Q: 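There's a structure below that I have some questions on.
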Amino acid sequence: MRSGFFNSYLGDRKYNAEDWADYFRQFIGNGIYANPATSMQVQAAGGLTVRIAAGSCFINGYAGYSDGSDLLKLQYGGAYPRIDRIVIRLDMTTRSVYPAVIMGNEAESPSPPNITRKSSMYDICVGEITVGANAAEIYPVDIKDMRFDASVCGIVAGVLNQIDTEEYMSQIISAIMTANNLALSQASAEWSKFLDSVLTQDGNVIVTLPNEELKQDVALLKRRSGSVADKFHVI
């Protein structure tokens, strides 16, 4: 059984980086830190180059930091489109955390490549880039932000786990759709009620106007508009 951390007496208590990593990973989940809002966001940087925005991350007890100068260059587009993944990689062999490109396979309907997750190497995916056929430049519209997808990245929440934004976003979308459907239903009901109040059996429309000036305007419109306006009767 291991324990820690205690003051050393004549060198009898020595700890490795792995010991600290194991300690912190017990209560800090993997992902990127949310501040600033663009923390480690993948951004187009001209041509086939993308930039990792300034920010920081936490992977299995180890920290990674970007000052905004990290650049990655993608390969030119081939005969068919492909999806490349941009990851922040914990590499225990090189004892470092760094950004990397995982190149996808070309296809008419491409899928993103798998990320690596094993004891010696662990990826969090911060972006997916669609590289079009024969593409020589990456545009912002080609970049899909994956930082908030808890299945491949996520936001560091502090204790035990990262924020699960998938369920949160699902609830927001559901609420918006419900409100939208309700508004459409109410509008449809009001429109039907209005038509019932003005339509006659022969398809004419009867409108009550409050003053003579409006009645004169409608009469002028009827003379100019022909047969359609003839269906409107002012009282």
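These numbers were taken from a predicted model, which means no experiment stands behind them.
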Q: Could you pull out the closest heavy-atom pair between S66 and A53, with the gap in Å?
A: OG-O, 3.6 Å
Q: Specify the closest pair of heavy atoms between P36 and A54, including all atoms of both residues, with the distance to one decimal.
A: CG-O, 4.0 Å
Q: Between atom CD1 of I86 and atom CD1 of I115, what is the distance when rounded to the nearest 0.5 Å?
A: 12.5 Å
Q: How many angstroms lie between atom CG of D149 and atom SG of C125, to the nearest 0.5 angstrom?
A: 8.0 Å
Q: I'd like to check V156 versus N30 (side-chain heavy atoms, cut-off strictly below 4.5 Å). Are they in contact?
A: no
Q: Could you walk me through whether Y76 and N134 satisfy the side chain to side chain contact (heavy atoms under 4.5 Å, CB included) test, starting with their C-alpha distance in whole Å, then the side-chain angles of each, then the deciding distance to 0.1 Å, before giving a yes or no?
A: CA-CA 7 Å; Y76 284 96; N134 304 311; over 6 Å; no
Q: To the nearest 0.5 Å, what is the distance between CG on N35 and CD1 on I155?
A: 9.5 Å
Q: Pick from M146, M40, R117: which one makes a side chain to side chain contact (heavy atoms under 4.5 Å, CB included) with I124?
A: R117
Q: Would I143 end up clustered with L48 when hydrophobic side chains under 4.5 Å apart are linked, directly or stepwise?
A: yes
Q: Indicate yes or no for a side-chain donor-acceptor contact from D91 to the backbone of T93 under 3.5 Å, with no hydrogens or angles considered.
A: yes
Q: What verdict does the side chain to side chain contact (heavy atoms under 4.5 Å, CB included) test give for Y122 and M92, after you've listed the backbone C-alpha separation in whole Å, the side-chain angles of each residue and the deciding distance to 0.1 Å?
A: CA-CA 9 Å; Y122 195 99; M92 299 303 295; over 6 Å; no
Q: Just wondering, are more than 12 heavy atoms of other shown residues or ligands nearer than 6.0 Å to CD in Q75?
A: no
Q: Between L74 and V50, does the side chain to side chain contact (heavy atoms under 4.5 Å, CB included) criterion hold? Intermediate values first, please.
A: CA-CA 8 Å; L74 281 63; V50 296; 4.1 Å; yes
Q: Do I102 and D123 pass the side chain to side chain contact (heavy atoms under 4.5 Å, CB included) test, and can you show the C-alpha distance, the side-chain angles, and the key distance before you say yes or no?
A: CA-CA 10 Å; I102 303 178; D123 295 337; 3.6 Å; yes
Q: Between atom CD of E128 and atom CZ of R85, what is the distance when rounded to the nearest 0.5 Å?
A: 4.5 Å
Q: Given the rule that I, L, V, M, F, W and Y join up when any side-chain heavy atoms are under 4.5 Å apart, are V126 and V87 in one cluster?
A: no
Q: For Y33, is the OH atom crowded, meaning more than 12 foreign heavy atoms sit under 6.0 Å from it?
A: yes
Q: Between C153 and I32, is any pair of side-chain heavy atoms under 4.5 Å apart?
A: yes
Q: To the nearest 0.5 Å, tell me how far S39 OG sits from I52 CD1.
A: 10.5 Å
Q: Same cluster or not: are V131 and L72 linked, directly or through other Ile, Leu, Val, Met, Phe, Trp or Tyr residues, by side-chain heavy atoms under 4.5 angstrom apart?
A: yes
Q: Would R82 and E106 pass as an ion pair if we require N to O under 4.0 Å?
A: no
Q: With no hydrogens and no angle check, is any side-chain donor or acceptor of D84 less than 3.5 Å from a backbone partner on G104?
A: yes
Q: List the atom of I88, the atom of C57, and the distance in Å for their closest heavy-atom pair.
A: CG2-SG, 3.7 Å
Q: Mind checking whether Y80 and M103 sit in one hydrophobic cluster, side chains of I, L, V, M, F, W, Y counted as touching below 4.5 Å?
A: no
Q: Are the side chain of N181 and the backbone of M177 linked by a donor-acceptor contact shorter than 3.5 Å?
A: yes
Q: Nearest heavy-atom pair of A44 and R51: which atoms, and what distance?
A: O-NH1, 4.4 Å
Q: Is there a chain of hydrophobic side chains (I, L, V, M, F, W, Y, each step under 4.5 Å between heavy atoms) that links V97 to M121?
A: no
Q: If you draw a 6.0 Å radius around OH in Y98, do more than 12 non-hydrogen atoms from other residues or ligands fall strictly inside?
A: yes
Q: Identify whether the distance between the nearest side-chain nitrogen and carboxylate oxygen of D145 and R147 falls below 4.0 Å.
A: yes
